[in-house]
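Data first, discussion second: the structure below is written as structure tokens.
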Amino acid sequence: MRHGEVSYYENGRPVHPDGVPLTAAGREQAQAAADALAGIEFDRVITSSLPRTVETARIVAHDLELEPWPELRELTSGRLADFSVEELEGMFLGAFKDVVPEDARFLAGETIGALYDRVIAALDRLLADECWDTVLAVLHGGVNRAILSYALTGGRTFLGNLEQAPGCINVLDIDSACGADIQDVRALPVRPSEPTGRPDHGRLGPQQGSDWIVRAVNVTPYDLAHKRGRSTTMEELWSQFRST
């Protein structure tokens, strides 16, 4: 799943994104996710190690040990002060538009290709471990888009239009050698179906013997019909940025 809502600004000043905590609304969103996932027995709980994912995970799965996977951190932005307002508007609003090429840089920072490199390596590592069935992964909007896109396409085609609202839940199954199941709560758990042999996970593509099933995307238990508004996450971030 994705972490709950945060604010990257305090008293009109930007806050370093690595350290921001959940807002009051973000904690409520995490609790709504906890209620929705009640009764699911998670074997493992993975976070990116950034505070907003750790805080969300502690609310959703408060009685389980958390595993920090820094390679699943959010995309890193560049130095925004080097750009004009017009350039920044295009960068914010176009960051997750349509199919995003691998050489595209997120807000003048990390490329989508670099994101895929570390996310796919993390997925390979996770699926190489046979000692779990259901995993809760509390991650980030960009990271979740990469995982969902990979599951849907079997490759590195980044589908930017897969919106990820704060505290949203995604549910994925994977038929693999270990028969494990991964679901992503802004990345929820992933559960594999019945095992069908012991193929090499390789790149996790369907052609490698690992078949993904995407069961749910961007489910927000606190607002199932998304009635609170039609702005995307990046549109809201741009609005906050302009207000500073």
Side-chain angles (χ1 to χ4, degrees), residues 1-10 14-77 106-107 109-110 114-115 118-123 125-127 129 131-148 163-172 180-191 217-222 233 236-237 240:
M1 65 178 284
R2 186 192 172 192
H3 60 79
E5 179 188 271
V6 298
S7 176
Y8 297 105
Y9 303 93
E10 183 175 321
V15 179
H16 196 287
D18 285 358
V20 292
L22 299 184
T23 63
R27 291 189 291 273
E28 292 176 0
Q29 293 161 356
Q31 185 57 57
D35 295 341
L37 299 175
I40 296 177
E41 295 185 5
F42 296 111
D43 300 302
R44 301 172 67 175
V45 180
I46 292 172
T47 76
S48 72
S49 78
L50 293 182
R52 54 192 186 271
T53 65
V54 172
E55 188 176 357
T56 301
R58 284 177 175 158
I59 294 173
V60 176
H62 59 86
D63 56 343
L64 296 176
E65 181 180 356
L66 308 185
E67 300 178 34
W69 287 40
E71 62 267 51
L72 295 175
R73 66 190 181 279
E74 184 57 296
L75 282 157
T76 303
S77 63
F106 176 74
L107 300 182
E110 186 177 15
L115 171 68
R118 54 186 175 83
V119 167
I120 291 174
L123 291 175
R125 177 160 72 96
L126 178 62
L127 292 181
D129 184 350
C131 300
W132 60 273
D133 179 71
T134 302
V135 169
L136 172 66
V138 185
L139 305 173
H140 305 271
V143 174
N144 288 355
R145 284 176 173 89
I147 294 172
L148 289 165
E163 179 60 17
Q164 291 286 279
C168 74
I169 296 172
N170 310 295
V171 182
L172 297 84
D181 169 46
I182 300 177
Q183 299 184 24
D184 166 53
V185 174
R186 219 197 171 179
L188 172 67
V190 179
R191 287 167 305 195
V217 174
N218 198 33
V219 177
T220 50
Y222 58 90
T233 299
E236 292 177 356
L237 287 177
Q240 294 173 18

Test Arg58 against Leu66 for side chain to side chain contact (heavy atoms under 4.5 Å, CB included), laying out the working first. CA-CA 8 Å; Arg58 284 177 175 158; Leu66 308 185; 3.6 Å; yes
Any side-chain heavy atom of [X] sitting closer than 4.5 Å to one from [Y]?
| X | Y | result |
| --- | --- | --- |
| Val15 | Tyr8 | no |
| Pro21 | Glu55 | yes |
| Glu5 | Glu28 | no |
| Thr53 | Ile46 | no |
| Val54 | Leu50 | no |
| Leu139 | Trp69 | no |
| Leu148 | Arg145 | no |
| Val119 | Leu72 | yes |

Pairs touching residues 34-43 that satisfy side chain to side chain donor-acceptor pair (under 3.5 Å), sequence neighbours left out: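 The answer is Gln31-Asp35.
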Just how far is it from atom [atom1] of [X] to atom [atom2] of [Y], taken to the nearest 0.5 Å?
| X | Y | atom1 | atom2 | value |
| --- | --- | --- | --- | --- |
| Arg118 | Leu75 | CZ | CG | 6.0 Å |
| Leu22 | His3 | CG | NE2 | 8.0 Å |
| Glu71 | Leu123 | CD | CG | 9.5 Å |
| Arg73 | Leu115 | CZ | CG | 9.0 Å |
| Phe42 | Leu136 | CZ | CG | 4.5 Å |

Between Glu74 and Ser48, is there a side-chain donor-acceptor contact under 3.5 Å, judged purely by atom types and distance?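 There is no such pair between these side chains.
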Residues in side chain to side chain donor-acceptor pair (under 3.5 Å) with [X], at least two apart?
| X | result |
| --- | --- |
| Thr76 | none |
| Asp18 | none |
| Arg44 | Glu67, Asp129 |
| Thr47 | none |

Can Leu172 and Ile147 be said to form a side chain to side chain contact (heavy atoms under 4.5 Å, CB included), step by step? CA-CA 10 Å; Leu172 297 84; Ile147 294 172; 4.3 Å; yes
Between the side chain of Asn218 and the main-chain N/O of Ile169, is any donor-acceptor distance below 3.5 Å?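 Side chain of Asn218 to backbone of Ile169: no pair is present.
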Verify, without hydrogens or angle tests, whether Ser77 (side chain) and Gly109 (backbone) share a donor-acceptor contact under 3.5 angstrom.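 Absent.
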Given side chain to side chain contact (heavy atoms under 4.5 Å, CB included), test Val135 with Val45 step by step and report yes or no. CA-CA 6 Å; Val135 169; Val45 180; over 6 Å; no
Run Thr220 and Cys168 through side chain to side chain contact (heavy atoms under 4.5 Å, CB included) and show every step you take. CA-CA 5 Å; Thr220 50; Cys168 74; 3.8 Å; yes
Which pair of non-hydrogen atoms, one from Pro51 and one from Gly19, has the smallest distance, and what is that distance?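 Looks like CG-CA, 4.1 Å.
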Who passes ring-ring contact (aromatic ring centres under 6.0 Å, His included) against Tyr222, sequence neighbours left out?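 For Tyr222 there are no ring-ring contact (aromatic ring centres under 6.0 Å, His included) partners, ignoring immediate neighbours.
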